[in-house]
Amino acid sequence: MSRILDRIDRPRDLHGLDDDELAHVAEEIRAHIIDTVGEIGGHFGANLGTCELAVALHSLLDSPRDKIVWDVGHQAYPHKVLTGRRDQLPTIRQYEGLAPFCAIHESEHDIMGAGHASTSIGYSVGLKEAMRLRGEPDAGKVVAVIGDGAMTGGVAFEAIHQAGGLGTPIVVVLNDNGMSIAPNVGALSRYFNRVRLNPKLWHAREGVEDRLTELPGGIGAAFEKLGPQLKESIKAFWAPGLFWEELDWAYVGVVNGHDVHALRTALRQAMAADRPVVVHIATVKGKGFAPAEEGDLEGMEKWHAAKPKSIAHGAPVVSAKKPAATAAPPQYTQVFGEAMVAEVRRDRRVVGITAAMNSGTGLNLLQKAEPAHYFDVGIAEQQAVLFASGLALEGAKPVCAIYSTFLQRAFDQIVHDVCLQKLNVVFAMDRAGLVGDDGPTHHGAFDIAYLRPLPNIVLMAPRDEAMLPHMLRTALVYDDGPIALRYPRGEGVGVPLPAASEVAPIKIGRGEVLREGEKVALLGYGTGVHKALEAADLLAEHGLEVTVADARFAKPIDAALVGRLAAEHDLLVTVEEGVLGGGFGTAVWETLEAGDAAAVAGDHALARIMRVGLPDRYVTHGKPALLHAEVGYTGKAIAQRIEAAVGRRSLAGA
């Protein structure tokens with residue numbers, strides 16, 4: 001029997017189907033996602049939870065005239081399937097394939113292409129107010145789909161506040177599954193859980209109002225005379241939507257997010273209202289896939305994303321463990337998590353802070369080992385940094401473990417609340433550099449450039465997994481302001497880790513020469529050191545022995561080392577996995593203009609610098625090796641550039 005889904009090439013193809021047929025389409029999408037993502041890998045659980053929602057929305061709306069704004073986008077695979085990309089789904093997150101999140105260049109049905117949480121309501125207010133501004137208030141419906149995890153982000157509440165004040169007629173679908181990536185935390189999460197687990201509250205409140213006014217002996221009449229005051233008091237006790245109603249939003253819910261008929265009924269009502277409306281739906285993250293759906297919170301967290309070839313015939317693939325002899329190097333995230341546990345046990349002032357990414361940052365290890373020293377603030381990076389600032393003011397040693405790309409969201413707090421006050425806050429930036437399949441929304445390309453201009457901050461990066469514990473120790477024993485350390489996603493380079501007794505701080509602002517040569521010096525930062533060593537090996541095969549050094553610090557720069565390298569070599573090459581504009585190479589360039597480095601290097605030092613890093617553009621998604629090759633961030637590409645420069649400058653002996 002052919003699938004109805006095979007006849008759906010655009011959203012309008014859903015408009016003639018009845019509720020039963022639409023429910024079948026939703027199930028077919030779910031099966032398509034399980035089969036496809038289970039083979040190629042990608043965001044999984046959240047997408048299985050939005051199949052009915054995507055079908056219901058597109059069956060009622062005329063996209064792209066009507067606009068659906070998917071928060072984050074990792075829940076938008078069903079939307080992609082329904083908007084002409086069904087047969088391309090096997091390419092999602094693959095190099096030159098479908099984008100992992102919504103992308104405005106990919107489809108007219110993708111209204112925005114950002115991939116950080118909590119932004120959809122703000123976009124939607126702007127979209128609808130722009131329609132009103134140009135005198136076309138009926139130019140189209142606007143619906144924002146946001147998860148309960150994203151609702152812990154403060155920017156969502158700023159948009160709710162504005163929309164309520166303006167009376168902007170948008171619909172917000174609150175997709176409530178009790179999860180973001182990890183289980184949600186905080187008072188708002190508990191509120192949503194109470195509502196989600198008690199869907200009869202809304203109807204029960206209405207019944208109580210009626211029964212109180214019917215009490216005998218004049219009591220009911222007395223209640224009736226109290227009128228609105230009584231009703232508001234009862235509503236405050238019973239109504240799950242009171243929070244929204246107090247901000248001038250209409251509330252509809254709680255609706256079963258896997259019932260197409262109920263969804264369409266609620267959405268029709270919401271879209272007919274000429275005011276802000278929230279439709280609160282309850283869904284299951286991982287719906288239709290037993291290990292996620294029946295695995296409670298642990299199962300839903302595990303299956304937030306699926307690894308390639310992790311599912312076959314609708315069931316998880318059980319793979320044999322690799323023998324110990326072929327075990328891969330540890331992940332940087334794992335090394336950091338274990339180092340954090342050790343640091344807390346060394347110094348009880350140390351605490352770890354995450355913004356809803358406990359396993360993603362490795363702090364799940366701290367959460368389990370030392371729960372009193374672990375804090376999750378939800379998807380609220382600004383609050384993470386402010387919270388750390390308060391801790392530091394009272395003498396604690398807070399470590400904010402936040403992805404490089406997400407720390408951007410707290411830039412003002414870093415500038416104003418940490419650096420200005422010179423507080424002892426540590427920023428541990430995971431996923432620095434090109435992260436791979438998640439693409440430009442998640443690449444950690446800018447942290448060197450956006451942190452380096454700030455006074456009072458120290459920036460450092462380990463060249464390998466063994467250096468990471470030493471740098472964390474350095475940051476935590478430092479008492480003269482904030483320190484940020486960056487490290488990449490994925491496996492280390494395969495060097496032995498230091499024993500706990502061997503971990504020691506390193507001298508701030510001091511680099512290290514790893515290999516002595518002549519004519520050319522490569523100065524790497526973070527992963528750039530390994531790339532420099534690879535280039536050096538290739539150059540040696542062509543008879544050019546070069547110097548390789550590890551800067552270790554982007555601020556303060558080791559001026560004496562930089563000056564010596566510039567003075568003793570004809571070409572100084574900086575290597576970094578960050579944007580060149582304002583980055584590490586620029587810092588070296590600036591260092592050679594003034595102070596001790598200039599005195600050591602002498603004149604004309606600036607003409608002998610070659611900078612290797614990421615280009616001035618957003619890099620696409622794909623496996624890191626492919627992306628590194630595309631942007632020239634490989635040992636081979638660096639060696640070729642050096643050979644070309646050597647040839648042009650006629651360096652003897654090259």
Handout entry: Flag, side chain of H443 to backbone of T620, donor-acceptor distance under 3.5 Å
Key = yes

Handout entry: Salt bridge K623-D437, side-chain N to carboxylate O under 4.0 Å
Key = yes

Exercise for the section: May I ask you to check whether over 12 heavy atoms, not counting those of D412, lie within 6.0 Å of atom CG? Expected result: yes

Problem - L468 side, atom CG; E338 side, atom CD - distance, nearest 0.5 Å - result: 10.5 Å

Problem - Closest non-hydrogen atom pair, T83 against S107 - result: O-OG, 4.3 Å

Handout entry: Option among V579, L407, V415 that satisfies the side-chain contact (heavy atoms from CB on, under 4.5 Å) test with Y450
Key = L407

Exercise for the section: Please examine the side chains of E630 and Y95, heavy atoms only from C-beta on, and report whether any two atoms are closer than 4.5 Å. Expected result: yes

Problem - E534 bridged to K636 by N-O distance under 4.0 Å - result: no

Handout entry: Ion pair D447/R452, N-O distance below 4.0 Å
Key = no

Practice task
Quick one: which residue pairs count as a side chain to side chain donor-acceptor pair (under 3.5 Å) with a foot in residues 119-128, not counting sequence neighbours?
Solution key: D71-S120

Handout entry: Spacing of CD belonging to E108 relative to OG belonging to S63, to within rounding of 0.5 Å
Key = 7.0 Å

Exercise for the section: Please confirm whether the backbone N or O of I379 pairs with a side-chain atom of T152, one donor and one acceptor, at under 3.5 Å? Expected result: yes

Handout entry: Donor-acceptor pair, side chain of Q408 and main chain of T405, under 3.5 angstrom
Key = yes

Exercise for the section: State, to 0.1 Å, how close W70 and M112 come at their nearest heavy-atom pair, and which atoms those are. Expected result: O-CE, 3.4 Å

Completion exercise
The reported gap from CD1 in I448 to CZ in F584 (rounded to nearest 0.5 angstrom) is 8.5 Å

Handout entry: D87: salt bridge (charged side-chain N to carboxylate O under 4.0 Å, His left out) partners, not counting sequence neighbours
Key = none

Practice task
Check the side chains of T586 and R611 for a donor-acceptor pair under 3.5 angstrom, ignoring hydrogens and angles.
Solution key: yes

Handout entry: Heavy-atom closest contact (G492 atom, E465 atom, distance)
Key = CA-OE1, 3.2 Å

Practice task
Could you tell me whether R489 and D430 make a salt bridge, using a distance below 4.0 angstrom between a side-chain N and a carboxylate O?
Solution key: no

Problem - Heavy-atom closest contact (T361 atom, A401 atom, distance) - result: CG2-O, 3.3 Å

Problem - Side chains of V81 and L5 in contact at under 4.5 Å (non-hydrogen atoms) - result: yes

Handout entry: Which atom of G113 lies closest to which atom of I104, heavy atoms considered
Key = N-CG2, 3.8 Å

Practice task
Please check if the side chain of D9 supplies one atom and the backbone of G84 the other of a donor-acceptor pair under 3.5 Å.
Solution key: no

Practice task
Determine yes or no for a side-chain-to-main-chain donor-acceptor pair under 3.5 angstrom, with T50 supplying the side chain and Q75 the backbone.
Solution key: yes

Handout entry: Short N-O contact, K67 and D62, less than 4.0 angstrom
Key = no

Problem - Listed partners of P90 passing side-chain contact (heavy atoms from CB on, under 4.5 Å), at least two apart - result: T36

Exercise for the section: Could you label the plane-to-plane angle of the H79 and H58 rings as parallel, tilted or perpendicular, counting under 30° as parallel and over 60° as perpendicular? Expected result: parallel

Fill in the blank from the handout: Rounded to the nearest 0.5 Å, the CG atom of N175 sits from the CD1 atom of I146 at a distance of 10.0 Å

Practice task
Check for a donor-acceptor pair, side chain of R30 on one end and backbone N or O of K287 on the other, with a separation under 3.5 Å.
Solution key: yes

Practice task
Kindly compute the distance separating CE (M460) from OH (Y525), expressed to the nearest 0.5 Å.
Solution key: 8.5 Å

Exercise for the section: Applying salt bridge (charged side-chain N to carboxylate O under 4.0 Å, His left out), run through R93 and E39 and close with a yes or a no. Expected result: CA-CA 12 Å; R93 292 165 56 91; E39 174 64 23; over 6 Å; no

Handout entry: Distance-only side-chain donor-acceptor flag, Q367 / N358, under 3.5 Å
Key = yes

Practice task
Spell out, as yes or no, whether a donor-acceptor pair under 3.5 Å connects the side chain of T354 to the backbone of M357.
Solution key: yes

Practice task
Would you give the length of the straight line joining atom OG of S118 to atom CZ of F157, rounded to the nearest 0.5 angstrom?
Solution key: 8.5 Å

Fill in the blank from the handout: Paired with E577, the side-chain hydrogen bond (donor to acceptor under 3.5 Å, both in side chains) test is passed by just one of R486, H628, H530, namely H628

Practice task
Say whether, by atom type as modelled, one donor and one acceptor occur between the side chain of N177 and the main chain of T283 under 3.5 angstrom.
Solution key: no

Practice task
Carefully, step by step, assess E491 and Y332 under the rule side-chain hydrogen bond (donor to acceptor under 3.5 Å, both in side chains).
Solution key: CA-CA 6 Å; E491 297 174 356; Y332 279 93; over 6 Å; no

Practice task
Report the C-alpha distance between L82 and H109 in whole Å, list the side-chain angles of each, state the deciding distance to 0.1 Å, and finish with yes or no for side chain to side chain contact (heavy atoms under 4.5 Å, CB included).
Solution key: CA-CA 10 Å; L82 292 170; H109 301 286; over 6 Å; no

Handout entry: Atom of A639, atom of L539 and distance for their closest heavy-atom approach
Key = O-CD2, 3.7 Å

Problem - Salt bridge flag under 4.0 Å for residues E106 and R85 - result: yes

Exercise for the section: Output yes when a side-chain donor or acceptor of H621 lies under 3.5 Å from a complementary backbone atom of L98, and no otherwise. Expected result: yes

Exercise for the section: Show your working on side-chain hydrogen bond (donor to acceptor under 3.5 Å, both in side chains) between Y618 and T441 and close with a plain yes or no. Expected result: CA-CA 9 Å; Y618 290 97; T441 62; over 6 Å; no

Handout entry: Parallel, tilted or perpendicular: ring planes of H442 versus F101, cut at 30 and 60 degrees
Key = parallel

Practice task
Examine distances only and state if a side-chain atom of T634 and a backbone atom of A637 form a donor-acceptor pair shorter than 3.5 Å.
Solution key: yes

Handout entry: Check: T527/Y633 side-chain N/O donor and acceptor closer than 3.5 Å
Key = yes

